[in-house]
Number of protein chains: 2
Amino acid sequence: MKLSGGVEWGLHCCVVLCGAGAPVPAAKLAELHDVSPSYLAKQLQSLSRAGLVRSTQGQSGGYRLTRDAAEITMLDVVEAIDGPQPPFRCTEIRRRGPMAVPPERCTTPCPIARVMDSADRAWRESLRAVTIAELAAEVDTTTPRELLDRARAWLSA
Amino acid sequence: MKLSGGVEWGLHCCVVLCGAGAPVPAAKLAELHDVSPSYLAKQLQSLSRAGLVRSTQGQSGGYRLTRDAAEITMLDVVEAIDGPQPPFRCTEIRRRGPMAVPPERCTTPCPIARVMDSADRAWRESLRAVTIAELAAEVDTTTPRELLDRARAWLSA
DNA sequence: TGCTACTCGGACAAAACGTGTCCGTGTCAA
DNA sequence: TTGACACGGACACGTTTTGTCCGAGTAGCA
């Protein structure tokens, strides 16, 4: 099982956008994180489609959050980029093969799928409990002020 | 994010092995579930390497559980087939790019990675809480006795 | 005790997915 | 009106996952 690498980029971008006052171009975000500009653009498009960020075109354009960072959870970002489908998909193999359970007698859901779904819900709940604003606040308190100011200035330049 | 499809096969096989008294060949497990025998064999090898099942070669050989099903959790099976590595791997992109945080001032772990790890632990904890024996018991109570008996007979034949 | 048949185990291809890149289109500022 | 900049979707590449095959080893049987 592997989560798309773009998830990490998207989360960091949201944290940066949370602290930026003006729209930030994709190219600038890519240079800041030292990642492929084209590929990061794709992830930002996913965030845009999900309605988490909004793009402004033309000169001095870029991306900005559509709503307050306290209203955006990590789960929102993860699902926007990685998709909402759960990692485990029950294929109902008990209904196949020579000893298949007939569909009409197959009333209760597969216990394996039920536990898997429950685990997936727990995972998502953990991510839903943390907002981008909280992440940004933690970054602010753990990073030396000087570095933060320099980064802000670099973004605006 | 997607979990290996073999995980579902492995779990169902463990449940079947829990109820079987004698070793069951991989070919029989494959036919029972109507899946590719060769590919299922690969998954069973993973379970064997992890020490969950033990193979007996030669005539009337096959696979059996190495210990009581109550001592085998779903997490054991999932990790045996899918691997133990967490789905999210922090690449420390904050240490890259023009505004990189110097390594010596980067003392606290990345907050994003911390939340991701916490969510992963919650997921694994959910799976660790359920044993193969519990799954088998649920299957026993929700499946008509007649079907269970027929399946047992078919396995022994 | 040798043989035979049956079993697993690891090495070998094919396909699907994620990753990475490109250029066209729309939009804002001058 | 013009120009340039930034986004958006369509296009290849690489890697992982999926799927398959044949050889090695072992237990039962004559």
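Only heavy atoms go into these numbers, but all of them, side chains included; no hydrogens, no water, no symmetry mates. Order of the sequence lines fixes the chain letters, A, B, ..., with proteins taken first and strands second; residue numbering starts at 1 for each chain.
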Side chain of [X], heavy atoms from C-beta onward: which of [options] has the nearest atom to it?
X        : options                   : answer
Tyr63(B) : dT20(D), dG10(C), dC8(C)  : dC8(C)
Pro25(B) : dC22(C), dC8(C), dG20(C)  : dC8(C)
Ser55(A) : dC21(D), dG28(D), dG8(D)  : dG8(D)
Lys2(B)  : dG10(C), dT19(C), dT18(D) : dT18(D)
Trp9(A)  : dG19(D), dG20(C), dC8(C)  : dG20(C)
Gln59(B) : dG10(C), dC7(D), dG28(D)  : dG28(D)
Ala26(B) : dC8(C), dC7(D), dG10(C)   : dC8(C)
Ser48(A) : dG8(D), dT7(C), dT17(D)   : dG8(D)

Minimum side-chain heavy-atom gap Trp123(B)-Val78(B) below 4.5 Å: yes
Side-chain heavy atoms of Ile72(B) within contact of Thr131(B), under 4.5 Å: no
Taking [atom1] from [X] and [atom2] from [N], how many angstroms apart are they, rounded to a whole number?
X        : N       : atom1 : atom2 : value
Leu3(A)  : dT19(C) : CG    : P     : 9 Å
Gln57(B) : dG25(D) : CD    : C1'   : 5 Å
Leu40(A) : dA6(D)  : CG    : P     : 14 Å
Tyr39(B) : dC22(D) : OH    : P     : 20 Å

base_contact_polar (dG19(D) base, Lys42(B) side chain, donor-acceptor, <3.5 Å): yes
Verdict with reasoning, Arg121(B) to Asp117(B), per salt bridge (Lys or Arg N to Asp or Glu O under 4.0 Å): CA-CA 6 Å; Arg121(B) 271 196 296 275; Asp117(B) 278 2; 5.1 Å; no
Over all atoms of both residues, closest heavy-atom pair of Met116(B) and Leu127(A): SD-CD2, 3.9 Å
Toward the 5' end of DNA chain D, by each residue's nearest nucleotide, Thr56(B) or Gln85(B): Gln85(B)
Gln43(B) side-chain N/O to Trp9(B) backbone N/O, donor-acceptor pair under 3.5 Å: no
